[in-house]
2 protein chains.
Amino acid sequence: MERNTRQRQAVLDAIDHAGRALAPGEILELAQASVASLNLSTIYRHLNALQEDARIHKVMLPGQAARYEAACADEGVDAAHHHHHHFHCHRCDRVYALHGCPGSLQELAPKGFVVQAHEITLRGLCAGCAK
Amino acid sequence: MERNTRQRQAVLDAIDHAGRALAPGEILELAQASVASLNLSTIYRHLNALQEDARIHKVMLPGQAARYEAACADEGVDAAHHHHHHFHCHRCDRVYALHGCPGSLQELAPKGFVVQAHEITLRGLCAGCAK
DNA sequence: GTCGTTGCAAAGCGTTTGCAGCCTA
DNA sequence: TAGGCTGCAAACGCTTTGCAACGAC
């Protein structure tokens with residue numbers, strides 16, 4: 001059903017080679033290197049499609065516009081998402097994936113509340129900016 | 001400098017009596033009970049002003065529009081914010097404040113990264129919706 | 001009476017959608 | 001050649017802003 005167009009490949013390449021979560025605007029800039037006419041609408045359409053195919057993840061951080069990162073290679077279409085969290089550097093404004101997780105955090109919720117998921121965002125300086 | 005208008009009081013009352021974080025639209029509905037002509041622009045202007053005075057807190061959750069909650073009474077203008085996290089019920093779409101915190105979470109970050117802050121969002125069902 | 005505050009309308013930003021033409025399979 | 005894909009422009013939801021009338025002090 002989905003055609004392998006230059007645009008789709010350019011979007012996928014940008015995300016796969018970034019190594020961190022990218023904003024749609026960053027993806028546009030990177031992908032326009034291969035397809036100069038590329039349009040933001042097309043980016044968004046592919047981002048939504050690739051997300052449904054579990055090829056990429058949408059990363060939402062508090063107070064920030066959405067970013068997109070490559071899905072792990074060992075992650076099948078039906079597999080549960082690889083659970084991880086993110087670090088936001090407030091100096092370079094980049095977002096990095098973190099590994100590890102403190103657990104369910106059910107104990108933070110009041111009695112009677114059912115915790116089904118959690119998200120953690122760390123903020124500070126990345127290794128490059130901390131120097 | 002700041003005048004004590006009916007509009008300002010209506011916004012403050014709505015937030016102070018809510019017991020949870022409210023969206024600007026919810027505040028509008030509640031506050032229009034006392035000032036029927038109240039406008040969303042006015043709400044936003046007061047929200048920003050009250051936030052600067054540390055009377056309220058802006059609550060940002062991933063992928064959600066901003067909500068606002070009352071600041072703790074023991075919190076002075078200059079005092080550090082009372083550190084806490086939030087729970088989002090995906091059934092009633094309400095946001096509740098949580099008490100407690102697992103700690104700095106510095107250990108989740110890669111070597112060289114400096115963690116200065118963190119935010120945790122729990123999702124699931126609140127006590128009312130879990131029944 | 002002054003000057004901050006209000007309501008309205010318009011604009012801003014990130015994101016989505018309608019549409020006509022384009023291009024892949 | 002059919003039907004999905006593309007680019008453009010318009011629309012969307014949330015938030016901010018310009019402006020003239022209003023109202024608290």
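Within every chain, numbering begins at 1; the chains are lettered A, B, ... in the order of the sequence lines, protein sequences first and strands thereafter. Side-chain atoms are counted along with the backbone in the values below, which use heavy atoms only and exclude waters and symmetry mates.
H88(A) and R123(A) share a donor-acceptor pair across their side chains, judged by distance under 3.5 Å alone.
If you measure from atom CE of M60(A) to atom C1' of dC14(D), you get 14 Å, rounded to the nearest angstrom. Between the CD atom of E26(A) and the C1' atom of dG14(C) there is a distance of 14 Å, given to the nearest Å. For the pair L38(A) CG and dC22(C) P, the computed distance is 18 Å after rounding to whole Å. As rounded to whole Å, 15 Å separates atom P of dG14(C) from atom CD1 of I43(A). With rounding to whole Å, L40(B) atom CG is found 9 Å from dT15(D) atom C1'. Rounded to whole Å, the distance from CG on L28(A) to C1' on dG7(D) is 12 Å. Regarding D53(B), its CG atom lies at a distance of 15 Å from the P atom of dG4(C), rounded to whole Å. For the pair L47(B) CG and dC14(D) P, the interatomic distance rounds to 14 Å; values are reported in whole Å.
Centroid-to-centroid, the aromatic rings of H82(A) and H57(A) stay 6.0 Å apart or farther.
Between R6(B) and Y68(B), the residue whose closest nucleotide on DNA chain D is further toward the 5' end is Y68(B). Projected onto DNA chain C by closest heavy-atom contact, P24(A) and R45(A) fall at different nucleotides, the more 5' of which corresponds to P24(A).
The pair D93(B)-R67(B) meets the salt-bridge criterion, with a side-chain N (NZ, NE, NH1 or NH2) lying under 4.0 Å from an Asp/Glu carboxylate O. We find that R94(B) and E26(B) are not joined by a salt bridge, their nearest charged nitrogen and carboxylate oxygen being 4.0 Å or further apart. In this structure, R20(B) does not pair ionically with E69(B), as no charged nitrogen and carboxylate oxygen lie closer than 4.0 Å.
Side-chain to base pairing of R8(A) with dC5(D): no donor and acceptor N or O lie closer than 3.5 Å to each other. With hydrogens and angles left out, the side chain of S41(B) and the base of dT17(D) share a donor-acceptor pair within 3.5 Å.
When each of dT15(D), dG7(D), dG23(D) is scored by its nearest atom to the side-chain atoms of R3(B), the top-ranked nucleotide is dG23(D). Of the candidate nucleotides dG14(C), dG7(C), dT5(C), dG14(C) has the atom lying nearest to any side-chain atom of A65(A). Each of dG3(D), dG4(C), dA25(C) was ranked by its minimum atom distance to the side chain of N4(A); first place goes to dA25(C).
Among the heavy atoms of the strands lying under 4.0 Å from T5(B) are primed sugar atoms or P, OP1, OP2 only; no base atom is included.
Side-chain N/O atoms of Y44(A) include one lying less than 4.0 angstrom from OP1 or OP2 on dT15(C). OP1 or OP2 of dT6(C) sits under 4.0 Å from a side-chain N or O of H46(B). When the side-chain nitrogen and oxygen atoms of Q7(B) are compared with OP1 and OP2 of dG7(C), one or more of them lie within a distance under 4.0 Å. Between N39(A) and dT6(D) there is no side-chain N or O to OP1 or OP2 distance below 4.0 Å.
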